[in-house]
*Asks:* 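Pasting in a structure now, in structure tokens, and then I'll have a few things to ask.
Keep in mind the model is a prediction, meaning the values are calculated, not measured.
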Amino acid sequence: MSDLPSASATPETRLFDGPGATPEVRAALARTWSDRPGWFGALAAVNHKTVARRFVVTTFAFFLLGGLLALTMRLQLARPGNRLVGPELYNQLFTIHGTTMMFLFAVPVMQAVAIWLVPLMIGARSVAFPRMNAYAYWVFLFGGLTLYVAFALGAGANTGWFSYVPLAGPDYSTGKGVDIWAQMITFTELSALLEAVVLIATIFKLRAPGMSLNRMPLFVWATLVTQFMVLFAMPAVMLGSTALILDRLVGTHFYNPARGGDVLLWQHLFWFFGHPEVYLIFIPPLGFISSIIATFARRPVFGYPAMVLALIATAFLAFGLWVHHMFATSIPALGKSFFTAASLMIAIPSGVQIFCWLATLWRGRLNLKTPLWFVLAFFFILVLGGLTGVMLGSVSLDLQVHDTYFVVAHLHYVLLGGAVFPLFGAFYYWFPKATGRMLDETLGRWQFWLFFIGFNVAFFPMHVLGLHGMPRRVWTYPHGMGWDGLNLGATLGALTIGVSVLVFLVNVVRSYRRGALAGADPWGAGTLEWSTASPPPPHNFDALPVVHGRDPLWEPGAQPAYVSGLAADAREVLSTTALDALPDLRPLFPSPSIWPFVSAVATTVLFIGSVFTPWAVVWGSVPVAVALIGWFWPNRGENRRALDLEQRP
């Protein structure tokens, strides 16, 4: 793999990177890729690690808020006839909790981790479209704050996180709660779509030379598959929520059967997004698991081609399952049978991946640290959740347990168990890389066992409650139903989960301040992110690596190779070809800018204004247009620098 032109072929007045970068070059790279200081610099930041940290912290804050809402609901249901909260507030708690976990935590946190990790894993200095990345964060933040400010002001939606019509329509839900909920959907899905574009472009065009598609880490494959799913799934719910708000504010009749509409149209649009969303949440943790198992088993994951094909098959099959959620509707029985078959088929690629992981662990030399404990617990939880999923895929059984706590148990086993367990494992695994310090192992074990025990105590009894006939979405229940003890046990389990999360927060704060120093590669891992310092410098790599295998740091006898000749005093990057990652272009990336933040504020004004008057869409587009013009207005200094770099040999 030939290097780009070195510094000897360029004017001596400029600095260029290389494998033997001098302190002067490293300092120039750090200055070039750092965000500006001060509050203005914070608003203008575009560094992918800065934006990703903000995403992670914000999504985890929403996770804590959603968890507090869940604890309140569990305390209400701990005993029969309880009056801790009333039915109206309970419906709002139920709606905001589900909305938070599905739209403000589960998908955004997976994208946030990818935004931080993917450039480091593929040997890049940044993500593609760094300003778009920053804009996506601000839009997400303002959308989440809008939902919670409305809830605090008594205007929270109370129709469930799925907002079925006609309950969510203008005839049965007055006030602005559902309108704000529908616009929050537009906020978050716009952010998700933008992040999908950023990640797909990054993976296809910014991989290190030599990292062909068949050498990408499995986490990068999982991210790529997930972001393509986002592109196809998110527009459906955005279209559905836009039609809902038009019905409510403009007087259209998309969901009004009396005027030619169809109430089932909402369910089709929502669940065409909703069931793939389960896998938008589930597939990235599969990438976490592959990285963790390979490192702690001390060998590459068995069956790399099968793992990649299983990820792709899961994505395809996920779009053929949405009627799985609509078996109680008037859809013809023959049609339902096809979706039953698809619900059974999607278990096959998941089984293939579990087999490959178990084969890796079986032949490996296990290092039982906290990240691996969370992965091992995932296997147990996923099997239980998967079994109940196959059961619910059967029309006859689904009709019996539909809208009962059996479905609530399945949902949490698959989502909380299948996603949050690997996510905590990922936090423990990559925390040293992000901060330069190790999380405490003893506190990690305490958190793991509290979380594992609390999770099963909280949600396993819900299977039995559902089989005993307890319906979901009830705010209280009478004595003598036989549900008292199981509900009390579930509440105690939820409290145990809360204690576990508190232990995790204590561990993070303590370790961030005075944890053991990590070093560049404390786990002895094999992927590129562990080849740079912990925490990584603003520019990620002093010189971009050249890749010779799937686990570059484990390749026997391979001499390290690097790209040289990229400018150190300009945001010059190397783009490569999509398939084989051959050097292609040297584009110049944009510098930090306040305009993404200003554009997000203008977008927020438009969205919130449209809740109160449709004319806000017209007049609100003016400040959005002004902000975008400022965003894309040519910068003479950057243009001059780009021309200077283009003229060098």
*Asks:* For R207 and I203, indicate whether the former's side chain and the latter's backbone hold a donor-acceptor pair under 3.5 Å.
*Replies:* yes
*Asks:* Check whether K176 reaches the backbone of V611 with its side chain - one donor and one acceptor, N or O, closer than 3.5 Å.
*Replies:*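 Yes, the answer is positive, given that a donor and an acceptor are paired below the 3.5 Å cut-off.
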*Asks:* Give a yes or no answer on whether the side chain of W631 reaches the backbone of M132 with a donor-acceptor pair at less than 3.5 Å.
*Replies:*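 No, the answer is negative, given that no donor and acceptor are paired below the 3.5 Å cut-off.
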*Asks:* Do R248 side-chain atoms and T174 backbone N/O form a donor-acceptor pair below 3.5 Å?
*Replies:* no
*Asks:* Let me confirm one number: the CD1-CG distance from I96 to L93, rounded to the nearest 0.5 Å.
*Replies:*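 Interatomic distance, I96 CD1 to L93 CG, rounded to 0.5 Å: 8.5 Å.
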*Asks:* Any ring pair (Phe, Tyr, Trp, His ring centres under 6.0 Å) involving residues 383-409? Give me the pairs, sequence neighbours left out, ordered by first then second residue.
*Replies:* F406-H463
*Asks:* Side-chain atoms of residues 347-356: list all donor-acceptor pairs with protein atoms under 3.5 Å, sequence neighbours left out, distances to 0.1 Å.
*Replies:*
residue	atom	partner	partner atom	Å
Q353	NE2	P349	O	3.4

*Asks:* For the side chain of T59 and the backbone of P108, is there at least one donor-acceptor N/O pair under 3.5 Å apart?
*Replies:*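 No; judged by distance alone, with no hydrogens or angles, the pair does not exist.
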*Asks:* How are the rings of H275 and Y279 set to each other: parallel, tilted or perpendicular (split at 30° and 60°)?
*Replies:*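 The arrangement is tilted - the two ring planes meet at 30° to 60°.
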*Asks:* Do L104 and F140 pass the side-chain contact (heavy atoms from CB on, under 4.5 Å) test, and can you show the C-alpha distance, the side-chain angles, and the key distance before you say yes or no?
*Replies:* CA-CA 8 Å; L104 299 179; F140 167 76; 3.8 Å; yes
*Asks:* Tell me, yes or no, whether the heavy-atom count around F232 atom CZ, taken from other residues, nucleotides or ligands under 6.0 Å, exceeds 12.
*Replies:* no
*Asks:* How close do I281 and L415 get, heavy atom to heavy atom, and via which atoms?
*Replies:* CD1-CD2, 4.1 Å
*Asks:* Keeping H48 on the side-chain end and I115 on the backbone end, is there a donor-acceptor pair under 3.5 Å?
*Replies:*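 Yes, the answer is positive, given that a donor and an acceptor are paired below the 3.5 Å cut-off.
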*Asks:* Rounded to the nearest 0.5 Å, what's the gap from OG1 on T146 to CG on L141? Could you check?
*Replies:*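 Taking OG1 in T146 and CG in L141, the distance rounds to 9.0 Å.
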*Asks:* Output a table of donor-acceptor pairs, distance under 3.5 Å, between side-chain atoms of residues 220-227 and any protein atom two or more places apart or on a different chain; print 'none' if there are none.
*Replies:*
residue	atom	partner	partner atom	Å
W221	NE1	L213	O	3.0
W221	NE1	Y304	OH	3.0
T223	OG1	F219	O	3.0
T226	OG1	A222	O	2.7
Q227	OE1	Q111	NE2	2.8

*Asks:* For A136, is there any backbone N or O sitting under 3.5 Å from a side-chain donor or acceptor partner on S191?
*Replies:* yes
*Asks:* How about F378 and F421: are their ring centroids closer than 6.0 Å?
*Replies:*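 Centroid distance F378-F421: not below 6.0 Å, so no.
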*Asks:* Evaluate the side-chain contact (heavy atoms from CB on, under 4.5 Å) criterion for residues V109 and F60: first the C-alpha distance (whole Å), next the side-chain angles of each, then the deciding distance (0.1 Å), finally the verdict.
*Replies:* CA-CA 8 Å; V109 75; F60 201 79; over 6 Å; no
*Asks:* Would you name the heavy atoms of A114 and P119 that are closest together and state the gap between them?
*Replies:* O-CD, 4.0 Å
*Asks:* W322 and ring pair (Phe, Tyr, Trp, His ring centres under 6.0 Å): which single residue from W271, F339, F273 fits?
*Replies:* F339
*Asks:* I need the full list of salt bridge (charged side-chain N to carboxylate O under 4.0 Å, His left out) pairs touching residues 388-404, with sequence neighbours left out, sorted by first then second residue.
*Replies:* D403-R473
*Asks:* Which pair of non-hydrogen atoms, one from G144 and one from F62, has the smallest distance, and what is that distance?
*Replies:*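 In this case the closest contact between G144 and F62 is CA-CZ, 3.6 Å.
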*Asks:* Taking all non-hydrogen atoms of both residues into account, name the closest pair between A458 and G493 and its distance.
*Replies:*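 The pair with the smallest heavy-atom distance is CB-C, 3.7 Å.
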*Asks:* Tabulate below the donor-acceptor pairs under 3.5 Å that side-chain atoms of residues 386-394 make, not counting sequence neighbours, or state none.
*Replies:*
residue	atom	partner	partner atom	Å
T388	OG1	L384	O	3.3
T388	OG1	G385	O	2.9
T388	OG1	H410	ND1	2.9
S394	OG	S396	OG	3.2

*Asks:* How far apart are the C-alpha atoms of L194 and Y135, what are their side-chain angles, what is the distance that settles it, and do they pass the side-chain contact (heavy atoms from CB on, under 4.5 Å) test?
*Replies:* CA-CA 9 Å; L194 294 174; Y135 171 76; 3.4 Å; yes
*Asks:* Compute whether any side-chain donor of one residue and acceptor of the other, for T95 and W181, lie under 3.5 angstrom apart.
*Replies:*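 W181 and T95 do not have a side-chain donor-acceptor pair below 3.5 Å.
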*Asks:* When you look at CZ of F338, are more than 12 heavy atoms from neighbouring residues, nucleotides or ligands closer to it than 6.0 Å?
*Replies:*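 No - once you tally the heavy atoms of other residues, nucleotides and ligands closer than 6.0 Å, there are 12 at most.
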*Asks:* State whether the side chain of Q183 and the backbone N or O of F607 hold a donor-acceptor pair below 3.5 Å, judged by distance alone.
*Replies:* yes
*Asks:* How far apart are the C-alpha atoms of V501 and F63, what are their side-chain angles, what is the distance that settles it, and do they pass the side-chain contact (heavy atoms from CB on, under 4.5 Å) test?
*Replies:* CA-CA 10 Å; V501 174; F63 173 74; 4.2 Å; yes
*Asks:* Less than 6.0 angstrom separating the ring centers of Y137 and F55, yes or no?
*Replies:*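 Ring-ring flag for Y137/F55: true, centres closer than 6.0 Å.
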*Asks:* Parallel, tilted or perpendicular: which fits the ring planes of F424 and F427, with parallel below 30° and perpendicular above 60°?
*Replies:* perpendicular
*Asks:* Find the distance between CD1 (I283) and CE (M110) and round it off to the nearest 0.5 Å.
*Replies:* 11.5 Å
*Asks:* How far does CE of M229 sit from CZ of F316, to the nearest 0.5 angstrom?
*Replies:*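 Between atom CE of M229 and atom CZ of F316 there are 10.5 Å.
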*Asks:* Within the side chain of D262, is there an N or O that forms a donor-acceptor pair under 3.5 Å with the backbone of Y255?
*Replies:* no
*Asks:* Please identify each residue that fulfils side chain to side chain donor-acceptor pair (under 3.5 Å) with D171, with sequence neighbours left out.
*Replies:* none
*Asks:* Find the distance between OG1 (T329) and NZ (K336) and round it off to the nearest 0.5 Å.
*Replies:*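 Going from the OG1 atom of T329 to the NZ atom of K336 covers 5.5 Å.
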*Asks:* Which atoms form the tightest heavy-atom contact between S599 and A627, and what is the distance?
*Replies:* OG-CB, 3.4 Å
*Asks:* Between Y148 and T100, does a side chain to side chain donor-acceptor pair (under 3.5 Å) hold up when you go through it step by step?
*Replies:* CA-CA 9 Å; Y148 271 88; T100 299; 2.6 Å; yes
*Asks:* Does Y477, at its OH atom, have more than 12 non-hydrogen atoms belonging to other residues, nucleotides or ligands within less than 6.0 Å?
*Replies:* yes
*Asks:* Output the distance between atom CG (L249) and atom CG (D179), rounded to the nearest 0.5 Å.
*Replies:* 4.5 Å
*Asks:* Is the side chain of T252 donor-acceptor paired with the backbone N or O of D247 at a distance under 3.5 Å, no angle test?
*Replies:*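 Present.
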*Asks:* Please report whether the ring centroid of W161 lies less than 6.0 Å from that of F270.
*Replies:* yes
*Asks:* Is the shortest side-chain heavy-atom distance between I381 and N456 below 4.5 Å?
*Replies:*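 Yes; the side chains approach each other to less than 4.5 Å.
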*Asks:* Are Y413 and F455 an aromatic pair by the rule of ring centers under 6.0 Å?
*Replies:*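 Between Y413 and F455, the centre distance is under 6.0 Å.
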*Asks:* Which pair of non-hydrogen atoms, one from P235 and one from V230, has the smallest distance, and what is that distance?
*Replies:* CD-O, 3.8 Å
